[in-house]
Structure formats: C-alpha cells, structure tokens
Amino acid sequence: MKFHHASRTSFKRRRAGVLIAALVCLSIVMALVGCMLLAALQAGRQLHVQRDLRQCELLLAAGVARAVNLASNSAEYRGEKWRMSAEQIIGNAAGEVTIEIVPDTGGEKRQLLVVAEYPLGDVASIRRSQTILDPFTRPTR
C-alpha cells in the first residue's frame with residue numbers, strides 16, 4: 001500500500017510540474033504577443049506621423065509655388081491665408097497655408113513667408129515654414 005501511495009504522490013507532483021511549466025510557457029507567449037502588438041501600434045503611429053509630415057510638406061510646396069507666382073505677377077499682392085478641408089486634401093484632417101509678404105528694407109526685394117500647418121488645430125499638428133527672397137518685379141501691362 002505504501003508503494004501505491006508514493007506513486008500517487010509522484011504522479012501529482014509530475015502533474016503539478018507540467019501545469020507550472022505550461023503556465024510559464026503561456027505567460028512567455030502572452031508577453032511576446034503583447035510586445036508584438038505594442039510594436040505594431042507604435043509602427044502605425046509612426047506611419048501616421050510620417051504621412052502628416054509629408055502632407056504638411058506638400059502644402060508648404062504648394063504655398064511657395066502660389067506665393068512666388070502671385071508675387072511675381074502683382075506688386076500689390078500682400079499674401080493670404082487659405083484653408084483646405086479634409087475632403088480637399090486626403091480626407092483625414094484640414095490644413096492651412098499662410099502667405100505673408102514682408103518688404104525688405106532696401107525695397108528691391110521682398111520676403112515671401114509661407115507657413116503650412118497640418119492637421120489644423122490638432123495637439124500634434126505639424127508646422128513647416130519657408131522664407132524666400134523674391135525680386136520685386138512689376139508686371140508689364
């Protein structure tokens with residue numbers, strides 16, 4: 001009888017050991033899955049930031065092209081502010097471009113200050129600006 005009791009205790013210990021090993025393996029797998037999900041979430045956030053940065057840079061480039069074109073065709077052009085709704089851009093958020101014309105002290109050149117912001121009014125919005133010296137040319141008409 002004593003032998004039977006000892007084998008029963010040994011079986012319970014092996015069973016408990018297997019259960020503990022399974023729980024340890026399960027916790028390791030859960031930790032790995034959690035790390036993978038966190039990495040995927042961070043990668044997604046980084047892609048959104050890069051997309052927003054690229055969109056802001058595109059808005060800035062459009063604003064610079066518009067400012068140079070309008071300033072070179074009109075000496076009276078003083079700048080503007082234009083907003084694009086989310087639907088006009090890529091459907092995610094609105095953006096804004098501000099163009100200011102600042103006369104240079106010499107009077108021969110003026111500065112074109114272009115500021116782009118995207119997404120507009122967000123805590124994490126991105127602002128980029130560019131200043132260009134533009135020759136003060138009057139249109140001949």
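- The shortest heavy-atom contact between Gln130 and Leu60 is N-CD1, 4.0 Å.
- Taken to the nearest 0.5 Å, the CG atom of Leu59 stands 5.0 Å off from the CD1 atom of Ile89.
- The salt bridge (charged side-chain N to carboxylate O under 4.0 Å, His left out) test applied to Glu80 returns Arg66, not counting sequence neighbours.
- With 3.5 Å as the limit, one finds a donor-acceptor pair spanning the side chains of His48 and Arg51.
- A donor-acceptor pair under 3.5 Å is absent between the side-chain atoms of Ser74 and the main chain of Ala71, judged by distance alone.
- Rounding to the nearest 0.5 angstrom, the gap separating the CD atom in Glu100 from the OG1 atom in Thr131 is 9.5 Å.
- Leu58 and Trp82 are members of different hydrophobic clusters when ILVMFWY side chains are connected at heavy-atom separations under 4.5 Å.
- Judged as a salt bridge (charged side-chain N to carboxylate O under 4.0 Å, His left out), and not counting sequence neighbours, the contacts of Arg127 are Glu117.
- Residues passing the salt bridge (charged side-chain N to carboxylate O under 4.0 Å, His left out) test with Arg83 are Glu96, sequence neighbours excluded.
- Rounding to the nearest 0.5 Å gives a distance of 12.0 Å between CG of Leu47 and CD of Gln42.
- Counting only heavy atoms from C-beta outward, the side chains of Ile126 and Glu57 never approach each other to under 4.5 Å.
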Please walk me through it: do Val114 and Val97 pass side chain to side chain contact (heavy atoms under 4.5 Å, CB included)? CA-CA 7 Å; Val114 182; Val97 176; 3.9 Å; yes
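- Between the Asn69 side chain and the Ala65 main chain, no donor and acceptor come within less than 3.5 Å of each other.
- A heavy-atom distance below 4.5 Å is found between the side chains of Gln111 and Leu133.
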Evaluation steps, side chain to side chain contact (heavy atoms under 4.5 Å, CB included), between Arg128 and Leu53: CA-CA 9 Å; Arg128 292 290 181 260; Leu53 176 60; 3.2 Å; yes
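- The two residues Val115 and Ser129 have their closest heavy-atom pair at CG2-CB, 3.8 Å.
- Looking only at side-chain heavy atoms (C-beta outward), Leu113 and Ile99 stay at 4.5 Å or farther from each other.
- Once rounded to the nearest 0.5 Å, the distance linking OG of Ser27 with CG of Leu23 reads 7.5 Å.
- Residues Tyr118 and Gly95 share a closest heavy-atom pair of CD1-CA, 4.0 Å.
- Closest approach of Ser125 to Pro119, counting heavy atoms only: CB-O, 2.8 Å.
- In this structure a side-chain-to-backbone donor-acceptor pair under 3.5 Å is present from Ser72 to Val68.
- Val24 and Leu32 end up in the same hydrophobic cluster when Ile, Leu, Val, Met, Phe, Trp and Tyr side chains are linked at under 4.5 Å.
- The line from NZ of Lys81 to OG1 of Thr98 is 4.5 Å long, rounded to the nearest 0.5 Å.
- In this structure a side-chain-to-backbone donor-acceptor pair under 3.5 Å is present from Gln88 to Ser85.
- Ile28 is connected to Ile20 through a chain of hydrophobic side-chain contacts under 4.5 Å among Ile, Leu, Val, Met, Phe, Trp and Tyr, so both are in one cluster.
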